[in-house]
Amino acid sequence: AKPVAAKASGITPPAAKPAPVEVPAAAAPVVIIQSITVEGAQRLEADTVLSYVGMRVGQPYSGAVADQVLKDLYSTELFADVQVRHDAGKVVIAITENPVINRIVLEGNKRLKEDKIRPEIKLAPRQIFTKSKARADVGRIIELYRRQGRFAATVEPKLVNLDQNRVDVVFEITEGAKSKVQQINIIGNTKFSDGDLRSE
């Protein structure tokens, strides 16, 4: 038998797909800082605020530059809030200054006199108030009560807002009861009895 020639099916194989062409993303336009304005300053001059940051007119603006402004200003501990915004190269630094302390007030302290607590408080009138300094003072006051055996004592700093961005700082103290030993448990004694050890 003669070999039968294979007939063409009439279907042409699909052409190979061209490799996708990568279109380079358009580079973001560089925004040049044209002006820097400070909003919200009360005690501080705008030039003083700008002296704390490295941002300058004529430099490119970026998110990293704005973040550095926030870090620089918060590190001074002069500001309760800082925001940076820009529009077509016009940069605005909006600040809220930390208040100035008018006076320090102690409330609720009966077991410890003021002359014992006052030396532990580092905040003082005419200083700039910061939350971190207030927390540190709270810790020192609580430690003072612990030395007196009052481990349940709590201290809550409160602010009384006054005019001209001043505050009275009030430390509200709850002294709590004096802690007492209720029970002593001795574990692991094999050579000496509990009574012998307790007597010591």
Are any of the side-chain heavy atoms of [X] and [Y] separated by less than 4.5 Å?
X	Y	result
L78	I95	no
R56	I33	no
F79	V49	yes

Assigning hydrophobic clusters by single linkage (Ile, Leu, Val, Met, Phe, Trp, Tyr; side-chain heavy-atom cutoff under 4.5 Å), is [X] placed with [Y]?
X	Y	answer
V38	V57	yes
L123	I173	yes
V170	V100	no
L106	V169	yes
L44	I101	no

For [X], side-chain contact (heavy atoms from CB on, under 4.5 Å) partners two or more places apart:
X	answer
P119	none
N165	Q42, R43, E97, P99
D87	none

Pairwise distance [atom1]([X]) to [atom2]([Y]) - rounded to 0.5 angstrom:
X	Y	atom1	atom2	value
I36	Q59	CD1	CD	7.5 Å
N185	I187	CG	CD1	6.0 Å
E114	N109	CD	CG	5.5 Å
D163	N102	CG	CG	9.0 Å
I186	R198	CD1	CZ	4.5 Å
I141	I117	CD1	CD1	6.0 Å

Listed once per pair and sorted, the salt bridge (Lys or Arg N to Asp or Glu O under 4.0 Å) pairs that draw on residues 119-137, sequence neighbours left out:
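Residue pairs with at least one partner in residues 119-137: D137-R140.
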Can you list every salt bridge (Lys or Arg N to Asp or Glu O under 4.0 Å) pair that touches residues 73-84, not counting sequence neighbours?
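Pairs touching residues 73-84 that pass the test: none.
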Shortest non-hydrogen contact from V31 to A88?
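Looks like CG1-C, 4.5 Å.
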Restricting to non-hydrogen atoms, name the atom on R103 and the atom on P125 that form the minimum distance, rounded to 0.1 Å.
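What the structure gives for the nearest pair is CA-CG, 4.1 Å.
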Pairwise ring-ring contact (aromatic ring centres under 6.0 Å, His included) hits with a residue in [range], at least two apart:
range	result
residues 175-200	none
residues 123-143	none
residues 37-56	none
residues 83-124	Y61-H86

N/O donor-acceptor pairs under 3.5 Å from side chains in residues 146-162, not counting sequence neighbours:
residue	atom	partner	partner atom	Å
R150	NH1	G176	O	2.8
K158	NZ	E172	OE1	3.2

Under the side chain to side chain donor-acceptor pair (under 3.5 Å) test, which residues partner E39, sequence neighbours left out?
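R85.
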Between D115 and R118, does at least one N-O distance fall below 4.0 Å, as a salt bridge requires?
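Salt bridge absent between D115 and R118.
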With a 3.5 Å cut-off and sequence neighbours excluded, list the donor-acceptor pairs that the side chains of residues 66-74 form with protein atoms.
residue	atom	partner	partner atom	Å
Q68	NE2	D72	OD1	2.8
Y74	OH	V82	N	3.0

